[in-house]
Amino acid sequence: MKKSLFILLAAIATTAMAQTITYEQIQNATDPKAEFQKEYSEYVASDGHTYKVGDNITIGMPQSNKTFAFMTSELDLSATIMGDGGLTGISAKFARSNMEIKQIKVNRNKKRGASVIFRTYLSGLGGVLVQIENCLASGEIVSQGMTHDKALEELKKAKDKLELDIITQEEYNQIKADLMPYLK
């Protein structure tokens with residue numbers, strides 16, 4: 001009986017952590033405070049890529065030449081809360097560094113809606129909170145999903161393969177249909 005209960009609890013815990021949230025779910029939320037859990041193991045972003053706990057993400061370039069606008073050091077945040085200073089932002093010297101995703105959380109607010117925050121670890125700095133959609137839109141995080149340029153490149157490769165009779169017209173049409181949402 002105890003063994004069965006343990007297995008059941010382990011299965012529930014695993015299922016609870018294996019939750020995926022999508023950009024579309026966040027955008028279509030009518031009551032974010034009630035609809036979302038606080039933590040997820042996967043997030044399908046607006047770029048179409050699935051970001052998972054344990055994955056590495058690459059820091060791009062900051063909006064200004066000095067600091068990143070949509071990333072916050074946990075140390076900097078705690079110092080601000082304690083009254084020891086203001087938020088200064090993460091230095092541009094961390095551009096092109098990799099961070100490991102430690103947690104994927106949904107910040108919920110009835111007035112402002114919901115947003116996805118990655119809690120990451122950056123060597124030399126520690127914990128960093130990443131507003132992922134703002135970072136992707138601004139280029140502060142390098143998108144791992146399909147971009148317009150990548151889609152165009154893939155379509156050109158498929159066209160070459162079609163002309164060389166490596167793929168069929170049907171295969172080309174399917175590739176084109178799959179890439180069209182990124183080309184608009």
Side-chain angles (χ1 to χ4, degrees), residues 17-30 32 35-37 39-72 89-107 112-123 128-184:
M17 277 304 293
Q19 296 289 335
T20 300
I21 187 78
T22 68
Y23 174 75
E24 287 77 22
Q25 288 173 305
I26 297 290
Q27 293 301 302
N28 296 327
T30 55
E35 291 179 40
F36 301 118
Q37 298 178 25
E39 193 171 334
Y40 292 86
S41 60
E42 297 180 346
Y43 174 61
V44 182
S46 60
D47 66 359
H49 184 73
T50 300
Y51 295 88
K52 300 176 185 175
V53 171
D55 285 354
N56 282 316
I57 54 177
T58 303
I59 299 175
M61 298 305 293
Q63 286 294 298
S64 73
N65 289 332
K66 297 180 182 181
T67 60
F68 289 90
F70 303 110
M71 290 185 257
T72 307
I90 294 176
S91 168
K93 73 178 183 178
F94 290 103
R96 294 189 244 340
S97 299
N98 288 322
M99 297 186 289
E100 181 183 354
I101 301 171
K102 296 292 189 178
Q103 286 180 313
I104 299 172
K105 296 184 133 200
V106 175
N107 278 359
R112 291 189 309 260
S115 63
V116 176
I117 305 294
F118 289 178
R119 185 175 167 271
T120 65
Y121 176 80
L122 178 59
S123 182
V128 175
L129 301 176
V130 176
Q131 300 171 35
I132 189 60
E133 289 300 336
N134 290 335
C135 285
L136 289 171
S138 66
E140 289 190 359
I141 292 292
V142 177
S143 174
Q144 295 180 14
M146 184 62 71
T147 63
H148 180 274
D149 292 339
K150 286 181 186 178
L152 190 57
E153 184 179 322
E154 290 297 316
L155 187 59
K156 286 178 181 179
K157 286 180 186 177
K159 183 70 170 173
D160 290 344
K161 288 179 181 179
L162 175 65
E163 291 173 359
L164 294 169
D165 290 327
I166 295 172
I167 62 173
T168 65
Q169 183 67 47
E170 292 79 23
E171 290 171 314
Y172 173 77
N173 291 343
Q174 182 59 53
I175 292 168
K176 183 176 180 180
D178 292 343
L179 294 174
M180 282 311 291
Y182 303 104
L183 295 170
K184 293 181 179 180

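The residues of the chain are indexed from 1 along the displayed sequence.
Remark: side-chain polar atoms of E140 are paired, donor with acceptor, to backbone N or O of F70 under 3.5 angstrom. Counting only distance, with no hydrogens or angles, the side chain of Q174 and the backbone of E171 share no donor-acceptor pair below 3.5 Å. Of the possible donor and acceptor atoms, none in the side chain of E163 sits under 3.5 Å from a partner among the backbone N and O of D160. Y172 places no side-chain N or O within donor-acceptor distance of the main-chain N or O of K161, the cut-off being under 3.5 Å.
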What verdict does the side chain to side chain contact (heavy atoms under 4.5 Å, CB included) test give for L136 and Y23, after you've listed the backbone C-alpha separation in whole Å, the side-chain angles of each residue and the deciding distance to 0.1 Å? CA-CA 12 Å; L136 289 171; Y23 174 75; over 6 Å; no

Which is it for I59 and M71 under the side chain to side chain contact (heavy atoms under 4.5 Å, CB included) test, yes or no, and what are the steps along the way? CA-CA 10 Å; I59 299 175; M71 290 185 257; 3.9 Å; yes

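For the pair T67/P62, no side-chain contact is recorded, criterion being any heavy-atom separation below 4.5 Å from C-beta on. The side-chain heavy atoms of K176 and L155, taken from C-beta on, include a pair separated by under 4.5 Å. With a 4.5 Å cut-off on side-chain heavy atoms, V44 and T20 count as touching. Put simply, the side chain of S115 does not reach to within 4.5 Å of the side chain of Q131, judged on heavy atoms. Within the 4.5 Å cutoff, side-chain heavy atoms of L152 are placed close to those of L183. You'll find the side chain of I90 reaches within 4.5 Å of the side chain of V128, heavy atoms only. Counting only heavy atoms from C-beta outward, the side chains of Q37 and Q19 approach each other to under 4.5 Å. Between Y51 and Q144, the closest side-chain pair of non-hydrogen atoms falls below 4.5 Å.
Shown are I141, D55, T58, N56; of these, the side-chain contact (heavy atoms from CB on, under 4.5 Å) with M99 is made only by I141.
To the nearest 0.5 angstrom, E100 atom CD is 9.5 Å from T120 atom OG1. The NZ atom of K159 sits 12.0 Å away from atom CD1 of I175, with the distance rounded to the nearest 0.5 Å. Atom-to-atom distance recorded for L129:CG and Q103:CD is 9.0 Å, nearest 0.5 angstrom. Distance check, rounded to the nearest 0.5 Å: CG of L162 to CD of Q169 gives 5.0 Å. The CD1 atom of I117 sits 8.5 Å away from atom OG1 of T72, with the distance rounded to the nearest 0.5 Å. Between the CZ atom in F68 and the OG atom in S138 there is a gap of 9.0 Å [rounded to 0.5 Å].
When all heavy atoms of S97 and L122 are compared, the pair lying nearest together is CB-CD1, 3.7 Å. Listed here is the closest heavy atom pair of V106 and A114: CG1-CB, 3.8 Å. Contact between D47 and S143 at its shortest, heavy atoms only, is OD2-OG, 2.6 Å. The heavy-atom pair separating I21 from I26 by the smallest distance is CG1-CD1, 3.9 Å. Nearest heavy-atom pair, Y121 versus K102, reported as atom, atom and distance to 0.1 Å: CB-CE, 3.8 Å.
Residues S46 and E133 bring a donor and an acceptor atom of their side chains to less than 3.5 Å of each other. Judged by distance alone, the side chains of E35 and T30 do bring a donor and an acceptor atom under 3.5 Å apart.
Of the charged side-chain nitrogens involved, none lies within less than 4.0 Å of a carboxylate oxygen, so that K150 and E154 do not count as a salt-bridged pair.
Both the sub-6.0 Å distance and the 45° axial angle are not jointly satisfied by K52 relative to the ring of Y43.
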